[in-house]
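Structure first, commentary second.
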There are 2 protein chains.
Amino acid sequence: MRMTTRGRYALRAMLETAQCEKDGPVSLKHISDTQDISKKYLGKLFDRLKNAGLVISIRGPKGGYLLGKEPDSISIGAIIRAAEGPITTVRCVEKSTNKRCSRLKKCVCHLYWEKLEKHISDFLDSSSLLDLCKGAKDKKTSRPI
Amino acid sequence: MRMTTRGRYALRAMLETAQCEKDGPVSLKHISDTQDISKKYLGKLFDRLKNAGLVISIRGPKGGYLLGKEPDSISIGAIIRAAEGPITTVRCVEKSTNKRCSRLKKCVCHLYWEKLEKHISDFLDSSSLLDLCKGAKDKKTSRPI
DNA sequence: ATATAGTCTACTATTTCAGTAGTGTATAGG
DNA sequence: CCTATACACTACTGAAATAGTAGACTATAT
């Protein structure tokens, strides 16, 4: 039951973008510097985020990325799914690939994993990037953990 | 956001053990045959389950494994944790290793990941092996998915 | 023009996972 | 006491995914 750095990087990068885009496109260099993430790696990550429509890119000098939608309509789930692929707690239930294991009919466990998957998915979809931005703002005045 | 086969195997194996232990110790061979899991791999898995106190072992002919506690006091979370290690959605928040990333103070994301972790953990701890056994029993009479 | 900054493909190193091999040890049943 | 059974333990292997790197290419603001 693990989340990889890819998902974490994605969230941090999106948060940084959301917080800085008012000053113009946010470059990978900026994100790399402020978030300690390899610039090249971010390049690949933003490919995914861009394909998912979560950011748009602007090329050339002063270029970078802007959010592709309003921050309140970008759910954390959408970011994680864009970065890591579908949230699947159990692969043989994966819808996209239709890879359903042959034991399906006799296995109660499947139902359980499907419930877990929905539970996690709902949680991730119930917060937006805006919610996290607000949290970040609050943290600047109050005491950090 | 993935669960590995290790966790799934563990749950299926525990369920099989719970359902069959009334006829005496359940051998790895039996579990291997009924659940299509490599016997050698199960051996390693049951090491973990045994260390966690979820099963006890009986050696020699007619030997095998019995549940280490009543099925209603074995939570699914306990099984997953025994098999896969602590449920951590983000490693730098991992308590056991004290590996906290240096960005902790400035990162709102951490709070979010910790909430997610708790959310998942609570879900996994709210069902017991007994609950799943009941589900399995029901499924025999009713129509499978 | 040119420097900046995204785009794209390919490569590499590391880690984890799933599974295998083989040896050792306890014990039920004859 | 012998022997077959079944757990215990260590070490190894192959495959896949992850994290990160290299370098050439393209668009564009100044």
Side-chain angles (χ1 to χ4, degrees), chain A residues 1-10 12-13 17 20-21 23-33 35-51 54-66 68 80 83-86 88 90-92 94 97 99 101, chain B residues 1-10 12-13 17 20-21 23-33 35-51 54-66 68 80 83-86 88 90-92 94 97 99 101:
Chain A
M1 200 79 251
R2 289 268 150 83
M3 163 134 252
T4 65
T5 59
R6 190 142 74 209
R8 284 184 279 149
Y9 282 0
R12 279 161 53 191
T17 306
C20 299
E21 67 163 2
D23 304 322
V26 185
S27 71
L28 293 184
K29 178 162 183 2
H30 170 85
I31 298 172
S32 172
D33 289 346
Q35 295 290 325
D36 298 314
I37 305 171
S38 141
K39 201 179 130 188
K40 283 285 189 184
Y41 196 61
L42 279 173
K44 285 202 295 189
L45 196 51
F46 272 81
D47 265 0
R48 296 172 185 240
L49 298 172
K50 191 185 163 191
N51 284 334
L54 301 181
V55 294
I56 55 173
S57 65
I58 289 152
R59 299 177 69 153
K62 306 269 177 189
Y65 293 90
L66 297 171
I80 301 306
E84 302 204 334
T88 53
V90 44
R91 275 181 214 184
C92 42
E94 214 161 304
T97 56
K99 238 192 335 185
C101 87
Chain B
M1 200 77 251
R2 289 267 152 82
M3 162 134 252
T4 65
T5 60
R6 190 141 75 208
R8 283 184 278 150
Y9 281 1
R12 279 160 53 191
T17 306
C20 299
E21 68 163 1
D23 305 322
V26 185
S27 70
L28 293 183
K29 177 159 183 5
H30 171 84
I31 298 172
S32 173
D33 289 345
Q35 295 291 324
D36 297 315
I37 304 171
S38 143
K39 201 178 131 189
K40 283 285 191 186
Y41 196 60
L42 278 173
K44 285 202 294 190
L45 196 52
F46 272 82
D47 266 0
R48 296 172 186 240
L49 297 172
K50 191 186 163 190
N51 283 333
L54 302 181
V55 293
I56 56 173
S57 66
I58 289 154
R59 299 179 69 154
K62 306 272 178 186
Y65 294 90
L66 298 170
I80 300 308
E84 303 203 336
T88 53
V90 44
R91 275 182 216 184
C92 41
E94 212 161 304
T97 56
K99 238 193 331 188
C101 87

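To find a chain, count down the sequence lines: A is the first, B the second, and so on, and within it residues start at 1.
Mapped onto DNA chain C by nearest heavy atom, B:Gly7 and A:Gly63 fall at different nucleotides, with A:Gly63 at the one closer to the 5' end. The residue among A:Arg48 and B:Leu28 whose nearest nucleotide of DNA chain D is located toward the 5' end is B:Leu28.
Checking side-chain atoms of B:Ser32 against main-chain N and O of B:Ile37 turns up a donor-acceptor pair under 3.5 Å.
Between D:dA29, D:dC7, D:dT21, one nucleotide has an atom nearer to the side chain of A:Lys62 than all others, and that is D:dA29. The side chain of A:Ser27 sits closest to C:dG6 out of D:dT5, C:dG6, D:dA6. Nearest to the side chain of A:Arg6, among D:dT18, C:dA5, C:dG19, sits D:dT18.
The shortest distance between the side-chain N/O atoms of B:Thr5 and the OP1/OP2 oxygens of C:dA18 is below 4.0 Å. The phosphate of D:dT21 (OP1 or OP2) has a side-chain N or O of A:Ser38 nearer than 4.0 angstrom. For B:Ser57, a side-chain nitrogen or oxygen approaches OP1 or OP2 of D:dA8 to under 4.0 Å.
Across all strands, B:Tyr9 comes closer than 4.0 Å only to sugar-phosphate atoms, never to a base (heavy-atom distances). Among the atoms of the strands shown, none is found under 4.0 Å from any heavy atom of A:Phe46. Heavy atoms of A:Gly43 sit nowhere under 4.0 angstrom from any nucleic acid atom.
Judged by distance alone with a 3.5 Å cut-off, a donor-acceptor contact links the side chain of B:Lys40 to the base of C:dG22.
Between the NZ atom of A:Lys44 and the C1' atom of D:dT21 there is a distance of 9 Å, rounded to whole Å. Rounding to whole angstrom units, NZ of residue B:Lys50 and C1' of D:dC9 are separated by 11 Å. The distance between atom CZ of A:Arg59 and atom C1' of C:dT7, rounded to the nearest whole Å, is 5 Å. The nearest whole Å value for the distance from the NZ atom in A:Lys29 to the P atom in C:dA3 is 17 Å. Rounded to an integer number of Å, the gap from B:Lys39 NZ to D:dA8 P is 12 Å. Computed from coordinates, the B:Tyr41 OH to D:dT13 P distance equals 18 Å when rounded to whole Å. Separating the CG atom of B:Leu42 from the C1' atom of D:dC9 is a distance of 16 Å, rounded to the nearest angstrom. One can place CG of B:Asp47 at 9 Å from C1' of D:dC7, the figure rounded to the nearest angstrom.
Taking the six-membered ring where the residue is Trp, B:Tyr9 and B:Tyr41 present perpendicular rings, their angle passing 60° and hence far from 30°.
Applying the side-chain hydrogen bond (donor to acceptor under 3.5 Å, both in side chains) test to A:Thr4 and every residue at least two apart in sequence or in another chain returns A:Glu84.
Across A:Pro25 and A:Ile58, no two heavy atoms sit closer than the pair CG-CD1, 3.7 Å. Between B:Leu28 and B:Gly43, the closest heavy-atom pair is CD1-CA, 3.7 Å.
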